[in-house]
Amino acid sequence: MNSEQSVTVDLVVVGQGYVGLPLAHRAVSAGLRVVGLDVAADRVDSLNNGRSHVDDITHEQVGEMVSAGFRATVDDAVYATAHTIVICVPTPLSDQGGPDLGAVTAAAASIATRLSPGTLVVLESTTYPGTTEEVVKPILETGSGLAAGVDFHLAFSPERVDPGNAVYGVANTPKVVGGLTRGCGEAAAAFYRRFIDTVVMAKGTREAEMAKLLENTYRHVNIALVNEMAVFCRELGVDLWDSIACAATKPFGFQAFQPGPGVGGHCIPIDPNYLSYKVKTLGFPFRFVELAQEINARMPDYVLRRATDLLNDAGLAVKRSRILLLGVTYKADIADQRESPARPVATKLLHKGADVVFHDPHVPTWAVDGHDVPRVDDLADALAQADLTILLTGHTQYTPQMLTDNSKLLLDTRGRLRAPGTETLHGRLTVQDLPKHVHVL
């Protein structure tokens with residue numbers, strides 16, 4: 001493979017979101033010359049001024065990146081002098097439920113017009129098996145006149161970002177890479193080894209693409225399992241959280257998953273649908289994933305039903321009751337709201353005429369279906385004023401003592417108050433000690 005370009009940039013990261021910016025940060029920290037490209041001019045300006053918009057990257061860290069030579073841009077001319085280009089753009093679901101690859105194809109088309117011989121192009125955006133070879137490769141080759149695997153390298157490497165994870169980040173999370181050819185895979189592996197501790201080579205791009213979907217489909221179906229169990233275990237008089245804690249003591253053959261009000265984030269609610277979509281194009285149903293999707297998607301309805309029953313038992317109707325939602329992000333202790341189950345829960349309550357307010361230490365404003373949901377600041381007072389409080393996200397601030405001491409009626413959808421050994425004002429909490437006004441999913 002010949003390299004005719006005059007390299008001035010080690011890496012261009014396309015997309016400066018929750019995947020692209022941490023990747024750029026790690027590469028800069030390892031001494032690489034990095035440019036972050038994004039279509040949003042306001043985001044580019046913010047980054048160049050040392051401001052972060054991603055939970056896992058602080059303003060200080062962005063400032064350090066800029067001081068080390070990082071810059072953000074909207075100008076795709078930077079592709080022409082890049083040694084490596086990594087695509088980290090969004091891949092949401094289309095209105096028809098399949099993958100929307102619009103951002104990926106747009107990025108590939110833009111890269112193709114300025115692609116130089118010898119460049120390594122890596123797709124990190126989650127997608128279905130075959131995308132790199134069947135979608136990205138033809139766009140790059142047609143637009144550049146170059147041949148993948150001959151004139152330039154092409155690979156897929158699934159992102160494994162876990163927002164809010166204080167233990168595993170870009171550097172110490174093993175990186176899977178699959179190349180279009182053996183040489184492409186080796187080039188991608190050599191690149192990532194410059195700033196990631198462990199690199200794992202897949203057989204090819206399709207295997208690497210499937211690995212990502214397998215990881216999240218595994219979580220998706222197991223969460224669906226415990227979500228469905230949560231519904232019937234209550235009818236059986238079984239404390240599922242206690243059962244999960246007991247099962248988790250087994251040192252082999254079991255991994256604990258927790259029930260909740262639904263699933264959120266980009267990965268679990270969306271990624272398995274890419275696999276289901278691809279399987280359907282082959283003429284096969286993917287019943288396991290489709291059933292898991294159905295179970296997880298109906299959990300907000302179950303939360304509404306439980307809320308209605310609790311209020312009815314207290315002599316109240318949902319309509320005009322003041323309902324406080326605690327936590328509207330999809331995951332504890334981060335600001336990310338993508339696909340949060342809090343949104344459908346709030347929508348259903350609002351449609352029933354409830355007076356909905358929210359509290360979240362990471363979210364200053366929140367709108368649902370065009371309706372600005374009022375935010376409360378004094379948590380203790382808000383708990384005391386609400387007819388019903390629903391804990392949707394278990395932020396650290398929501399301690400058992402705070403919740404049990406101040407709420408009138410509480411629905412805990414995260415099992416925070418069922419955790420073995422949970423400390424409250426009254427000592428160590430057991431199932432028998434659970435306050436009468438506290439109820440779990």
Side-chain angles (χ1 to χ4, degrees), residues 9-27 32 34-40 43-44 47 54 72-92 99-116 118-144 146 148-149 152-161 170 175-180 184-185 187-189 191-192 195-196 202 204-206 208-209 211-213 266-267 270-271 274:
V9 177
D10 291 314
L11 170 64
V12 172
V13 181
V14 189
Q16 291 296 284
Y18 81 103
V19 174
L21 186 58
L23 179 70
H25 172 259
R26 177 56 192 162
L32 276 66
V34 181
V35 174
L37 190 142
D38 202 284
V39 296
R43 177 177 292 184
V44 165
L47 289 172
V54 173
T73 184
V74 296
D75 187 359
D76 61 7
V78 70
Y79 292 141
T81 55
H83 184 273
T84 300
I85 302 169
V86 177
I87 303 171
C88 302
V89 296
T91 48
D100 180 353
L101 298 181
V104 170
T105 57
S110 178
I111 292 168
T113 63
R114 299 180 182 274
L115 186 61
S116 301
T119 303
L120 166 64
V121 179
V122 183
L123 176 64
E124 285 204 8
S125 303
T126 304
T127 184
Y128 59 85
T131 301
T132 305
E133 184 175 356
E134 299 168 3
V135 177
V136 176
K137 175 178 174 284
I139 294 174
L140 293 176
E141 291 183 330
T142 300
S144 68
L146 303 175
F152 68 94
H153 296 297
L154 179 61
F156 180 83
S157 180
E159 59 89 2
R160 283 176 160 176
V161 174
V170 174
K175 189 68 170 159
V176 173
V177 297
L180 181 69
C184 291
F191 162 71
Y192 283 114
F195 57 94
I196 294 178
T205 57
R206 293 173 185 267
E209 290 161 339
K212 171 64 174 179
L213 298 186
H266 175 272
C267 294
I270 295 178
D271 292 1
Y274 300 155

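Note that the structure is predicted; figures quoted are calculated from it, not measured. Counting begins at 1 with the first residue of the sequence.
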I'd like to check [X] versus [Y] (side-chain heavy atoms, cut-off strictly below 4.5 Å). Are they in contact?
X	Y	answer
I87	V122	no
V34	D10	no
L37	V74	no
E159	Y18	yes
V104	T127	no
L115	F152	yes
V86	Y192	yes
I85	T119	yes

Do any N or O atoms from the side chain of [X] and from the backbone of [Y] form a donor-acceptor pair under 3.5 angstrom?
X	Y	result
T142	I139	no
E141	A148	yes
S110	A107	no
T205	G178	no

Output the distance between atom [atom1] ([X]) and atom [atom2] ([Y]), rounded to the nearest 0.5 Å.
X	Y	atom1	atom2	value
D38	T73	CG	OG1	10.0 Å
Q16	C88	CD	SG	8.0 Å
H83	S116	NE2	OG	11.5 Å
L32	T84	CG	OG1	8.0 Å
S144	I111	OG	CD1	10.5 Å

Ion pair present between E124 and K175, side-chain N to carboxylate O less than 4.0 angstrom?
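A salt bridge is present here (some side-chain N lies under 4.0 Å from a carboxylate O).
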Can you give me the closest heavy-atom contact between [X] and [Y], atom names plus distance?
X	Y	value
A24	V13	CB-CG2, 4.1 Å
A208	P158	O-CG, 3.7 Å
L213	Y128	CD1-CA, 3.9 Å
I196	V170	CG1-O, 3.7 Å
A27	L11	CB-CD2, 3.7 Å
S157	V177	OG-CG1, 3.6 Å

Passes side-chain contact (heavy atoms from CB on, under 4.5 Å), R160 versus V176? Steps please.
CA-CA 9 Å; R160 283 176 160 176; V176 173; 3.6 Å; yes
With side-chain contact (heavy atoms from CB on, under 4.5 Å) as the test, would you mind laying out the steps for L180 and K137 before giving the verdict?
CA-CA 9 Å; L180 181 69; K137 175 178 174 284; 3.7 Å; yes
Audit row: E209, T131, side chain to side chain donor-acceptor pair (under 3.5 Å) steps and yes/no
CA-CA 8 Å; E209 290 161 339; T131 301; 4.7 Å; no
